[in-house]
Amino acid sequence: MTYLKVEREEGIVQITINRQDKLNAMNLDVMDEFISLLDILEKDSSRVIIITGDGQKAFSAGADIEYMSSIGPTEAEKYALRGHEVLNRIEKLEKPVIAAVNGYALGGGCELALSCDIRFASPNAQLGQPEVTLGICPGWGGTQRLLRIIGPARAKDLIFSGRKITAEEALSMGLVNKIFPSESLLFETRAYAKAISKNSNFAIGVSKMLVNRGTDANLDTGLKLEIYSWAVCFSTKDREERMRKFVEKK
Ligand code: CO8
């Protein structure tokens, strides 16, 4: 792969967007590489995925503005659909995906982070949806995922103003989960990934699905889905062994 660097260690896969000269802006090639990689990650035995950007400056500065400046509505729709495919598949992956936001996460870069389950950031991170400054609305799910994560009033503020917010402000509105010093962001993210990878990946996958589905379902439907999913967990060997070990220790 040219634009995505993939490193694997003990079930943890770290994906680094590797287009530093353009602040890791995502052109069609980057999206195509994400799709090829997702084809693998959806089936392999990896347990936790980390997404970050190369260098100290950017997670990703978004969709490629140079490319977008040369296209019309037909290509724009294709570009948007490609982005949606990538982000939807990340969101639906049956394993945790963590964004290590190491700098600018703007437009499509912020939207990529929003499709992840957890966002850790360095103090120099700046997040935002500056699309309206370019004459477009967010196009990779920003209006919908931002709304669900930080609520409509805050989402509208960020989208209407196009302003960049600091990691601290993002933390205060629940847009990032935690801030780590720049030099230890990846170390801490990997440590967290390793810790959660020791838990049942089946149970985590089911929990992820329940939280995601529950976001748009009414409470009664969400609770019903939880009951059935909970019961299904009792059919796994993994659950049997984990509970047996606990009981035997006693
Ligand atoms: N696309 C392409 N190139 C970019 C992008 C980008 N999004 N961002 C930065 N670059 C390039 C610059 O052109 C520059 O290239 P070069 O050195 O060849 O001139 C290089 O990266 C370094 O950038 P700067 O010199 O601008 O660095 P600064 O430190 O001065 O500024 C900023 C950093 C503030 C991040 C600035 O680069 C910036 O504002 N970038 C654009 C951020 C932005 O507006 N992002 C949103 C894009 S729109 C979007 O993502 C829509 C998503 C939905 C798409 C739906 C499909 C239709």
Side-chain angles (χ1 to χ4, degrees), residues 1-5 15-35 38 51-92 97 99-116 119 121-150 154-170 175-176 182 185:
M1 292 204 172
T2 310
Y3 294 116
L4 296 183
K5 188 168 136 203
I15 306 167
T16 306
I17 306 169
N18 186 20
R19 203 183 170 217
Q20 210 185 131
D21 58 330
K22 298 290 179 188
L23 302 186
N24 304 320
M26 294 177 283
N27 56 18
L28 274 170
D29 293 333
V30 177
M31 305 321 283
D32 285 346
E33 289 190 14
F34 261 117
I35 286 173
L38 283 160
I51 302 179
T52 193
D54 193 35
Q56 301 295 317
K57 205 169 160 184
F59 174 74
S60 170
D64 194 305
I65 302 173
E66 206 177 318
Y67 171 66
M68 288 190 293
S69 70
S70 67
I71 60 174
T74 309
E75 292 97 327
E77 190 183 353
K78 274 193 201 143
Y79 195 25
L81 287 171
R82 209 79 183 134
H84 277 262
E85 181 183 346
V86 171
L87 273 47
N88 289 343
R89 285 174 69 180
I90 288 173
E91 192 171 61
K92 292 196 170 91
V97 185
V101 183
N102 57 314
Y104 291 115
L106 301 174
C110 188
E111 290 165 315
L112 173 65
L114 294 175
S115 73
C116 299
R119 286 160 288 282
S122 55
N124 68 320
Q126 290 192 46
L127 298 92
Q129 297 291 158
E131 284 89 342
V132 296
T133 68
L134 297 166
I136 52 174
C137 64
W140 282 347
T143 58
Q144 302 308 304
R145 292 197 177 94
L146 199 58
L147 150 74
R148 284 162 174 75
I149 294 170
I150 61 174
R154 284 168 165 160
K156 284 174 184 166
D157 162 33
L158 293 191
I159 294 167
F160 296 172
S161 66
R163 71 191 177 91
K164 303 178 192 67
I165 58 168
T166 61
E168 275 299 338
E169 190 176 353
L175 185 49
V176 304
S182 301
L185 174 67

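Order of listing sets the numbers, starting from 1, for every ligand and every atom in it.
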Visitor: So is G83 close enough to ligand 1, meaning a heavy atom under 4.0 angstrom away?
Guide: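 So G83 does not count as touching ligand 1.
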
Visitor: Examine G139 against ligand 1 and note whether any of their N/O atoms are separated by less than 3.5 Å.
Guide: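 For ligand 1, there is no N or O atom that lies under 3.5 Å from one belonging to G139.
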
Visitor: W140 to ligand 1: N or O pair under 3.5 Å?
Guide: no

Visitor: Between the side chains of R19 and D29, is the shortest nitrogen-to-carboxylate-oxygen separation below 4.0 Å, so that they form an ion pair?
Guide: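 Not counted as a salt bridge, because no side-chain N and carboxylate O are separated by less than 4.0 Å.
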
Visitor: Does P138 have a heavy atom less than 4.0 Å from any atom of ligand 1?
Guide: no

Visitor: Polar-atom distance check: G62 versus ligand 1, any N or O pair below 3.5 Å?
Guide: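 Between G62 and ligand 1, no N or O pair is found under 3.5 Å apart.
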
Visitor: Would you call K5 and E33 a salt bridge, using N to O less than 4.0 angstrom?
Guide: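 No, no charged N to carboxylate O under 4.0 Å.
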
Visitor: I'd like to check which ligand 1 atoms, numbered from 1 as shown, lie under 4.0 Å from a non-hydrogen atom of Y79.
Guide: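 It comes down to these atoms of ligand 1: 56 (C), 57 (C).
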
Visitor: Would you say atom 56 (C) of ligand 1 touches the protein, meaning some protein heavy atom is under 4.0 Å from it?
Guide: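 So far as the 4.0 Å threshold goes, atom 56 (C) of ligand 1 is in reach of a protein heavy atom.
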
Visitor: For M68 and ligand 1, answer yes if some heavy atom of the residue is under 4.0 Å from a ligand atom, otherwise no.
Guide: yes

Visitor: Which atoms of ligand 1 have any heavy atom of E111 under 4.0 Å away?
Guide: 52 (C), 53 (C)

Visitor: When only distance counts, is I65 in polar contact with ligand 1, meaning an N/O pair under 3.5 Å?
Guide: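 In this structure, I65 places an N or O atom under 3.5 Å from an N or O of ligand 1.
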
Visitor: Please round to the nearest 0.5 Å and tell me the distance separating atom CD1 of I149 and atom CD of Q144.
Guide: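 Between atom CD1 of I149 and atom CD of Q144 there are 11.5 Å.
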
Visitor: For ligand 1, which atoms, with element, lie under 4.0 Å from some heavy atom of K57?
Guide: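 Reading through ligand 1 atom by atom, the close ones are 27 (O), 28 (P), 29 (O).
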
Visitor: Please state which protein non-hydrogen atom is closest to atom 7 (N) of ligand 1 and give its distance, to 0.1 Å?
Guide: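 Residue, atom and distance for the closest contact: A63 O, 2.9 Å.
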
Visitor: If the contact criterion is a heavy-atom separation under 4.0 Å, does N27 count as touching ligand 1?
Guide: no

Visitor: Does Q126 come within less than 4.0 Å of ligand 1, judged by its heavy atoms?
Guide: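 Outside the 4.0 Å threshold, so no.
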
Visitor: Could you tell me whether L134 and ligand 1 have an N or O pair separated by under 3.5 Å?
Guide: no

Visitor: I'd like to know if E75 pairs up with K78 as an ion pair, taking the criterion as any Lys NZ or Arg NE/NH1/NH2 lying under 4.0 Å from an Asp or Glu carboxylate oxygen.
Guide: no

